[in-house]
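Everything on this sheet refers to the single structure shown next.
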Amino acid sequence: GDSVTQMEGPVTLSEEAFLTINCTYTATGYPSLFWYVQYPGEGLQLLLKATKADDKGSNKGFEATYRKETTSFHLEKGSVQVSDSAVYFCALTLPRGDDKIIFGKGTRLHILP
Amino acid sequence: DVKVTQSSRYLVKRTGEKVFLECVQDMDHENMFWYRQDPGLGLRLIYFSYDVKMKEKGDIPEGYSVSREKKERFSLILESASTNQTSMYLCASSGTSGRETQYFGPGTRLLVL
């Protein structure tokens with residue numbers, strides 16, 4: 001079935017370090033891909049998305065490129081800040097009419113000052 | 001901006017009580033969703049709704065029911081709360097293109113004693 005697999009956390013980095021959070025997916029058809037972020041005590045909010053192969057989503061210094069050949073959508077940021085500490089969820093939707101999102105289990109990120 | 005609100009941020013209930021969690025969205029979205037979020041398990045879909053008075057079971061509907069009498073409001077009902085329903089509950093809404101972003105409320109943290 002359709003699924004999303006992302007690297008397990010927690011991930012701990014120092015401020016200004018380079019970040020990669022890996023995400024791969026299994027899906028029939030042509031999914032849209034998303035990264036959501038959940039800051040402490042809050043609901044999820046969309047960070048970025050890509051709707052077709054080779055698209056790059058970007059926001060707040062984060063980037064992810066839709067790679068159909070490797071079925072991946074890895075999240076990257078060149079220089080993380082303490083305020084980036086949060087849980088990050090990779091997700092996909094399929095245009096099959098039910099509009100459900102399939103989420104990965106989430107990766108907790110800790111940034112140390 | 002899309003706004004999804006949930007009736008309570010924190011709730012404490014006793015085993016056997018009937019519990020209502022309310023969710024309201026202001027963007028005229030057709031789709032609404034209820035998830036629960038537990039450590040190590042990520043987000044799991046409980047129920048969703050495509051339209052007024054329509055509902056579909058998600059992955060873990062047991063012990064829950066829902067109501068959607070108006071387009072903007074989607075209620076989650078715990079008929080007889082149990083301690084294993086202690087969790088964070090997240091509501092979301094989206095449009096119907098099949099590639100839509102879901103917009104989340106801030107969550108309700110429910111403790112069942």
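Please read all numbers here as calculations on a predicted model, not as lab measurements.
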(request) For Cys23(A) and Val4(A), run side chain to side chain contact (heavy atoms under 4.5 Å, CB included): C-alpha distance rounded to whole Å, both residues' side-chain angles, the deciding distance at 0.1 Å, then the answer. (result) CA-CA 7 Å; Cys23(A) 172; Val4(A) 174; 3.7 Å; yes

(request) Output the distance between atom CH2 (Trp34(B)) and atom CG (Leu43(B)), rounded to the nearest 0.5 Å. (result) 12.5 Å

(request) Can you check whether anything in residues 104-113 of chain B gets within less than 4.5 Å of chain A, heavy-atom wise, and list it by number? (result) Phe104(B), Gly105(B), Pro106(B)

(request) Taking the side chain as every heavy atom from C-beta outward, state whether Lys53(B) and Glu69(B) have any atom pair closer than 4.5 Å. (result) yes

(message) With a 4.5 angstrom heavy-atom cut-off, is it the side chain or the backbone of Gln37(B) that approaches chain A, or both, or neither?
(response) side chain

(request) May I ask you to decide whether Arg44(B) forms a salt bridge with Asp38(B), counting only side-chain N to carboxylate O separations under 4.0 Å? (result) yes

(request) Assess whether atom NZ of Lys105(A) is packed by more than 12 heavy atoms of other residues, nucleotides or ligands within 6.0 Å. (result) no

(message) If you count heavy atoms of other groups shown closer than 6.0 angstrom to NZ of Lys68(A), is the number above 12?
(response) yes

(request) Just say parallel, tilted or perpendicular for the rings of Phe33(B) and Tyr35(B), cut-offs at 30° and 60°. (result) parallel

(request) Heavy-atom distances under 4.5 Å only: say whether Glu8(A) touches chain B with side chain, backbone, both or neither. (result) neither

(request) Under 4.5 Å heavy-atom distance to chain B, tell me which part of Glu42(A) shows up: side chain, backbone, both or neither. (result) backbone

(message) Counting only heavy atoms not in Glu16(A) (residues, nucleotides, ligands), do more than 12 fall under 6.0 Å from its CD?
(response) no

(request) Sort out for me which of Gln6(B), Glu30(B), Gln102(B) touches chain A most, counting heavy-atom pairs under 4.5 Å. (result) Gln102(B)

